[in-house]
2 protein chains.
Amino acid sequence: MTVIAADTPEKTISERAYRMIRAEIVSGDLAPGAKLKIEMLRQRYDMGAAPLREALSRLSGDRLVLLSGQRGFVVAPISAKEAADIGNLRKILEIEAIRQSIPLGDTAWEERLITTFHRLSRLEEGEDQGIDTLDEWEKQNAAFHGAIVAACPSDVLLQIRAQLFAQHERYRRFSRIKTVRNRAIHDEHDRLFEAALARDVDTAVEVTGLHIERTTAAVVAALEGEAPAAGQGAPQPA
Amino acid sequence: MTVIAADTPEKTISERAYRMIRAEIVSGDLAPGAKLKIEMLRQRYDMGAAPLREALSRLSGDRLVLLSGQRGFVVAPISAKEAADIGNLRKILEIEAIRQSIPLGDTAWEERLITTFHRLSRLEEGEDQGIDTLDEWEKQNAAFHGAIVAACPSDVLLQIRAQLFAQHERYRRFSRIKTVRNRAIHDEHDRLFEAALARDVDTAVEVTGLHIERTTAAVVAALEGEAPAAGQGAPQPA
DNA sequence: AAGATCAAAAATATCGATTTTATATTTGAC
DNA sequence: GTCAAATATAAAATCGATATTTTTGATCTT
């Protein structure tokens with residue numbers, strides 16, 4: 001979540017590295033705790049060490065990568081405790097962003113809201129499309145929630161919110177909880193959508209709070225059932 | 001605010017670069033909007049380009065540096081609007097951290113609290129020592145507020161809080177508002193200290209809220225009186 | 001066999017040089 | 001004289017190579 005002039009469409013190799021590695025960490029392709037050896041990344045992405053190290057440095061600020069003195073980079077490990085912390089914080093900040101956004105949304109904001117909700121609904125209500133529905137759902141889910149807060153005038157808030165959203169997404173995906181065609185989740189999205197359009201801030205806030213709380217609880221439960229902490233012990237391959 | 005194994009006492013040049021540049025930006029030695037040319041930094045700090053670029057990459061995640069596609073790095077500009085945003089957000093997060101910290105503070109926490117408050121008080125009540133009291137006050141102020149939230153169990157929260165604290169500090173210093181021997185500020189610190197020791201969360205939260213609100217208002221007023229936005233137009237020398 | 005010591009291998013961090021891109025300057029046309 | 005194109009300059013981004021540090025593995029000792 002580096003601050004970059006919004007108009008930065010991958011002008012540098014470093015930027016590409018940042019996005020690619022970030023995506024792979026969030027999706028779980030790079031497992032929690034996995035060692036990020038420069039040489040291995042060089043081959044994987046076909047670039048020099050410099051842009052990779054810059055990208056990893058930035059990612060460590062996003063809490064997706066851990067940087068340890070002369071010992072290199074590691075994908076941030078995962079724990080049930082942190083899942084809870086992230087959920088709690090994300091709730092607080094998402095709510096604040098919504099409070100600021102909804103009253104200021106203009107026509108373009110409404111239209112974007114409608115579009116993204118529609119796309120998300122199709123996935124949540126339609127027939128199961130098969131394999132990579134999850135990637136697509138995560139994308140549309142992020143777009144929908146992003147649309148709600150898009151009118152929030154505070155860049156600082158939006159940036160931190162986006163950071164937490166990404167961290168939360170990583171946990172959600174890692175925990176393999178059922179999201180894609182989950183009736184309760186879709187109901188909440190639906191209610192959130194209606195409240196936002198109706199400019200009913202209090203309801204939107206309430207629904208969002210519950211939405212995040214429920215998801216977080218499910219993630220924490222899944223992680224606690226599985227193991228106390230993943231990505232701490234023996235190294236996992238990428 | 002990169003995630004580094006807490007035990008990282010400047011093992012690398014990159015880490016040193018990060019800390020030094022960060023300190024200079026927060027203190028204002030590197031002015032808002034100033035161009036951060038690699039060659040100039042190389043000479044200033046006597047190191048190669050690689051560690052500098054890594055440090056700057058990390059700083060861009062802290063919103064202290066702005067990174068723009070093939071155009072290099074710039075010290076983040078400041079604006080009255082952002083001052084308000086940061087203050088607002090810092091209030092929310094500081095309060096949350098206090099809520100989590102105070103109930104969990106142990107004996108060591110209490111002792112640290114007492115020590116840091118004492119040191120801060122000496123500066124705020126004692127005779128004016130002269131020139132670099134401000135640096136010292138900022139240091140003790142940070143230590144005191146840090147001590148209050150030190151028992152907060154959420155690393156995520158503490159990290160983001162620290163980020164916002166640094167940003168807020170930069171604005172405070174830039175705006176040149178009177179902090180060091182300000183009666184109102186010392187009163188608030190005093191009340192906050194007592195409330196924390198007494199484990200009176202509600203009072204601590206209330207005082208902190210006011211404390212941050214008042215400071216932020218003063219900063220915003222100072223910035224609005226001065227200029228709409230600093231560090232946007234013609235380049236300022238470092 | 002467990003532990004310590006040393007040597008070899010691997011990986012990190014950094015440098016100096018090169019390539020690419022942006023900015024400033026000159027030149028020429030109208 | 002003003003604008004635009006062409007050129008020169010400066011800076012950013014990246015690479016390949018090297019120095020340093022950590023980790024691994026082997027050897028020796030008690």
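Bear in mind that the values here come from a model prediction, so they are computed numbers and not experimental data. Each chain gets a letter, A, B and so on, in the order its sequence line appears, and its residues count up from 1.
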Return the nearest nucleotide to the side chain of B:K37; candidates are D:dA12, D:dG16, D:dT22.
D:dA12
Please state how far atom CZ in A:R16 lies from atom C1' in D:dT14, giving the value in whole angstrom units.
12 Å
Answer yes or no on whether B:R63 is positioned over the face of B:Y171, meaning its NZ or CZ is under 6.0 Å from the six-membered ring centre and within 45° of the axis.
no
For the pair made of CD1 in B:I13 and C1' in D:dT18, what is the distance, rounded to whole Å?
14 Å
A:D46 and A:R42 ion-paired at < 4.0 Å
no
Residue met sooner reading DNA chain C from 5', once A:A50 and A:G72 are mapped to nucleotides
A:G72
A:Q70 CD to D:dA19 P: how many Å, rounded?
16 Å
May I have the distance from A:R71 (atom CZ) to D:dT24 (atom C1'), rounded to whole angstrom?
15 Å
I'd like to know if A:R173 and A:D135 make a salt bridge, using a cut-off of under 4.0 Å between side-chain N and carboxylate O.
yes
Taking atom P of D:dA13 as reference, at what distance in whole Å does atom CG of B:L36 sit?
12 Å
Which two nucleotides bound the region of DNA chain C that has atoms under 4.0 Å from heavy atoms of chain A, read 5' to 3'?
C:dA11 to C:dA22
Starting from C1' on D:dT22, measure out to CZ on A:F73 and report it in whole angstrom.
16 Å
Got a sec, which residues hit side chain to side chain donor-acceptor pair (under 3.5 Å) with B:R170, two or more places apart in sequence or on another chain?
none
So how far is it from A:I13 CD1 to A:E15 CD, rounded to the nearest 0.5 Å?
12.0 Å
Salt bridge flag under 4.0 Å for residues A:E94 and A:R99:
no
Between P on D:dA11 and NZ on A:K11, what's the gap in Å once rounded to a whole number?
18 Å
May I ask you to evaluate whether B:K35 reaches the phosphate of D:dA12, defined as a side-chain N or O under 4.0 Å from OP1 or OP2?
yes
Once you round it to whole Å, what is the distance between P of D:dC15 and CZ of A:R53?
14 Å
Using a strict threshold of under 4.0 Å (side-chain N to carboxylate O), is an ion pair present between B:R172 and B:E138?
yes
